[in-house]
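Accompanying notes for the structure given below.
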Amino acid sequence: MAAVSVHQFAQCITCHAWSPDHSMIALCPNNNEVHIYRLSEDDKWEKIHVLQKHDQIVSGVDWSISSNRIVTVSHDRNSYVWNQETTEWVPTLVILRLNRAALCVQWSPKENKFAVGSGAKTVCICYYEQENNWWVSKLIRKRHDSSVTSVAWHPNNILLATTSTDGKCRVFSTFIKGVDTRDSTGSSADSKFGEQIMQIDLSFCWAFGIKWSPSGNTFAYVGHNSMIYFVDDVGPSPSAQSVAFRDLPLRDVLFISERMVIGVGFDCNPMVFTADERGLWSFLRFLDERKIVSSSARYGSQFSETFGKFYSQSKYGTSNDTSEPSRRRGTAHENCINSILTMKKAGDSIATRFSTSGLDGKVVIWDLQSQKDLSEYL
């Protein structure tokens with residue numbers, strides 16, 4: 001089994017983020033607070049801080065690796081950058097200028113900027129102003145036709161990929177004079193702020209999570225139509241692949257290596273996608289072991305059997321066909337997985353450890369080192 005440990009933190013988790021050394025975790029228990037837990041010496045998680053500044057649900061949190069800062073965004077249209085001073089976390093206001101909810105956030109690789117996706121059809125690129133001691137933002141406007149659901153930074157710190165509920169995936173230049181330098185690789189540093197590098201119209205439905213590969217040569221994103229899309233050669237003439245699967249839609253993705261992607265979503269079980277020598281992607285298998293429930297099991301009465309069937313459909317997404325056994329019982333997660341994060345440490349070339357959180361209130365830590373059939377893709 002690839003799951004190393006399962007931790008029940010709350011009834012529901014909206015988002016989570018790890019400290020640089022992975023000894024602490026920040027998560028939102030589906031309310032307006034961010035709880036910070038620390039792993040104690042007896043391998044138990046204890047709550048040490050509660051970040052209280054937002055008025056509505058915290059929809060995104062990210063913990064910077066080098067600067068040890070936490071950024072949070074919320075449905076209250078606000079964002080805060082939290083700095084640790086002695087034993088307390090002190091918030092700094094971010095000027096977002098949004099009239100709709102902030103939905104997602106991510107630090108740039110150099111941590112001198114962060115991006116915020118919103119329900120206002122805009123993306124805020126935020127940077128620090130030393131003179132005023134606050135974070136200001138430049139907006140990418142009039143590019144999206146609906147809410148921005150996910151943002152992902154390219155390794156060069158300039159390009160930003162977004163997904164939206166208008167069904168499209170876009171890549172923008174975020175070069176800001178005085179913040180970024182022209183020594184970035186490629187021609188992206190020559191583009192103006194907010195310039196759209198490319199637009200992909202593949203999903204024709206809500207698009208959710210998006211991630212870049214470690215090299216930045218490929219990115220993958222998922223839609224609400226049970227498909228995952230892989231895009232190479234970012235620019236005027238990109239090449240794209242789409243992989244369809246029979247199971248429930250995905251919500252987020254993560255590149256483990258250049259040839260392996262993990263997708264998580266409504267199926268409550270991480271899915272492994274791999275690329276062959278020709279670069280063609282396909283679904284390999286589910287990551288978690290499953291305890292098969294026999295379809296021949298009978299209940300005490302016809303009513304209880306029918307009720308159990310409909311309950312399983314509503315909670316676990318099981319099929320109407322009684323000949324197909326349930327596939328979602330006995331897995332580490334019991335509800336939709338909405339977030340997946342790498343647990344890669346500084347100096348590691350491959351991220352074999354990662355974590356997932358979901359609507360069941362669990363955080364599960366996974367390790368692929370023991371999966372022998374996946375070693376050739378690492």
Side-chain angles (χ1 to χ4, degrees), residues 1-65 68-76 80 82 84 87-89 91 102-107 150 208-209 250-252 254 262 264-270 287-288 315-316 328-345 351 353-367:
M1 188 174 181
V4 176
S5 56
V6 181
H7 308 280
Q8 184 79 50
F9 286 101
Q11 292 185 343
C12 177
I13 294 178
T14 308
C15 51
H16 77 287
W18 290 97
S19 64
D21 59 357
H22 304 128
S23 63
M24 293 184 288
I25 185 173
L27 57 89
C28 170
N30 200 35
N31 58 20
N32 64 330
E33 300 175 346
V34 174
H35 297 179
I36 298 179
Y37 290 82
R38 181 176 57 194
L39 187 62
S40 60
E41 295 181 354
D42 55 352
D43 291 334
K44 292 184 179 180
W45 291 94
E46 55 180 355
K47 188 190 301 182
I48 57 174
H49 297 289
V50 177
L51 309 185
Q52 295 176 307
K53 196 67 177 179
H54 291 286
D55 297 327
Q56 297 182 27
I57 290 178
V58 175
S59 51
V61 59
D62 197 16
W63 202 323
S64 63
I65 298 177
N68 194 36
R69 292 182 297 216
I70 299 175
V71 59
T72 59
V73 295
S74 167
H75 290 180
D76 62 8
Y80 294 95
W82 302 79
Q84 190 172 21
T87 60
E88 299 296 327
W89 287 89
L103 302 178
C104 54
V105 64
Q106 187 181 42
W107 285 103
S150 182
F208 291 120
L250 298 174
R251 286 296 307 270
D252 202 2
L254 177 68
I262 305 294
V264 296
F266 293 96
D267 215 88
C268 315
N269 195 342
L287 188 60
D288 203 0
K315 185 173 183 179
Y316 300 103
R328 295 168 184 85
R329 300 181 185 181
T331 57
H333 280 286
E334 299 174 351
N335 207 329
C336 173
I337 307 173
N338 54 20
S339 177
I340 178 171
L341 294 177
T342 180
M343 297 186 69
K344 180 179 179 180
K345 295 183 179 180
R353 288 172 61 91
F354 62 91
S355 65
T356 57
S357 65
L359 302 185
D360 55 2
K362 295 179 180 179
V363 173
V364 181
I365 300 175
W366 309 79
D367 195 346

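Note: hydrogens, waters and symmetry copies are ignored here, and every other heavy atom, side chains too, is used.
- In this structure, the side chains of L51 and I36 come closer than 4.5 Å at one or more pairs of heavy atoms.
- Contact between F208 and L250 at its shortest, heavy atoms only, is CD1-O, 3.7 Å.
- Side-chain contact between L103 and H75 is present, with heavy atoms from C-beta onward closer than 4.5 Å.
- Under the side-chain contact (heavy atoms from CB on, under 4.5 Å) criterion, D76 pairs with H54, D55, Q56, S74, N78, sequence neighbours left out.
- For P270 against I337, the heavy-atom pair with the smallest separation is CD-CD1, 4.1 Å.
- The shortest side-chain heavy-atom distance between L359 and F266 does not fall under the 4.5 Å cut-off.
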Residues 3-12 side chain polar contacts: donor-acceptor under 3.5 Å, at least two apart:
{"residue": "S5", "atom": "OG", "partner": "H7", "partner atom": "NE2", "Å": "3.1"}
{"residue": "H7", "atom": "ND1", "partner": "W45", "partner atom": "NE1", "Å": "3.3"}
{"residue": "Q8", "atom": "NE2", "partner": "A10", "partner atom": "O", "Å": "2.6"}
{"residue": "Q8", "atom": "NE2", "partner": "D360", "partner atom": "O", "Å": "2.8"}

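- Using modelled atom types, one finds no donor on one side chain facing an acceptor on the other under 3.5 Å when comparing W366 with S355.
- Ring orientation note: the planes of H16 and W18 are nearly perpendicular, at an angle over 60° on the 30°/60° scale.
- When side chains are defined from C-beta on, R69 does not count as touching Q84, because their heavy atoms never get closer than 4.5 Å.
- Nearest heavy-atom pair across R251 and C336 is CG-SG, 4.0 Å.
- Taking 4.5 Å as the limit, some side-chain heavy atom of F354 sits within range of a side-chain heavy atom of I262.
- For the pair I70/V61, a side-chain contact is recorded, criterion being any heavy-atom separation below 4.5 Å from C-beta on.
- Counting only residues at least two apart or in different chains, salt bridge (Lys or Arg N to Asp or Glu O under 4.0 Å) contacts with residues 22-38 comprise R38-E46.
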